[in-house]
Amino acid sequence: MQILFHFAGDAESYVAGGCHASVMPPLICPHCGQANCLEPHGYYPRGITAAEAVDILRLKIRRFLCWATGRTVSMLPDFAQPYRLIRSSTIQKFFSGGSVEIDVIRWTPLLKRYWRRFSNWFPTLFEVTAEHSGNSPPLPGEIWQFFASAWGEMPAATFYLVGAYHVTAFAKYSCHQVPEEELGE
């Protein structure tokens, strides 16, 4: 399972400061619902785009193991998108129409693919969240404006969508789902 957590800095400060080593587990295990049953279980590597360069930064993503279930939980900083190479802030700039910054220019072909994925997924995302949005579906040309006004900037929106609905701006991933039988429901 993957959980997003708020990180006050950016990817560069996360890497430079070795912040992966200080990531704490959630207090309650998302698999079994018990407190204090998650223990450190190493890291896995993951790439993310640099802010204003063509480089790919290598992040270490912290993992924890539930001693009750034997399942792992990884903690992804909110400046990153699940299963996406490009950082959230660059995606937001592109989706908002910003096309002159170096990070957007460098990654435009991939960002266009992200936009298609977002646009194709949005009707399902709207359906999943419709009971709380209180709005009718936006027109196709207004989906980003609707998204940003409903859920905020990309890092905050992703944090909220994963936490509340177990989906992202791009898809529903199994790593964000908790089967009901695991929690005894």
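We count residues from 1, following the sequence as given.
- In this structure, S89 has no side-chain hydrogen bond (donor to acceptor under 3.5 Å, both in side chains) partners at least two apart in sequence or on a different chain.
- Judged as a side-chain contact (heavy atoms from CB on, under 4.5 Å), and not counting sequence neighbours, the contacts of D55 are A50, A53.
- Residues in residues 12-39 take part in these salt bridge (Lys or Arg N to Asp or Glu O under 4.0 Å) pairs, two or more places apart or across chains: E12-R87.
- Remark: A68 pairs with C32, Q34, C66 by the side-chain contact (heavy atoms from CB on, under 4.5 Å) rule, at least two apart or across chains.
- A search for side-chain hydrogen bond (donor to acceptor under 3.5 Å, both in side chains) contacts involving Y173 returns R84, not counting sequence neighbours.
- Rounded to the nearest 0.5 angstrom, I61 CD1 and Y14 OH are separated by 4.5 Å.
- Applying the salt bridge (Lys or Arg N to Asp or Glu O under 4.0 Å) rule to pairs touching residues 94-112 yields K93-E101, K93-D103, sequence neighbours excluded.
- A search for side-chain hydrogen bond (donor to acceptor under 3.5 Å, both in side chains) contacts involving T108 returns nothing, not counting sequence neighbours.
- Y114 pairs by the ring-ring contact (aromatic ring centres under 6.0 Å, His included) definition with F170, not counting sequence neighbours.
- Residues satisfying the side-chain contact (heavy atoms from CB on, under 4.5 Å) test with T124, not counting sequence neighbours, are W121, V128.
- Among residue pairs with one or both ends in residues 32-70, those qualifying as ring pair (Phe, Tyr, Trp, His ring centres under 6.0 Å) are H20-Y43; sequence neighbours excluded.
- The side-chain hydrogen bond (donor to acceptor under 3.5 Å, both in side chains) check on S119 picks up W115, with sequence neighbours excluded.
- Taking the side-chain contact (heavy atoms from CB on, under 4.5 Å) definition, one finds that T158 meets it with L4, Q81, P82, M154, V162, sequence neighbours left out.
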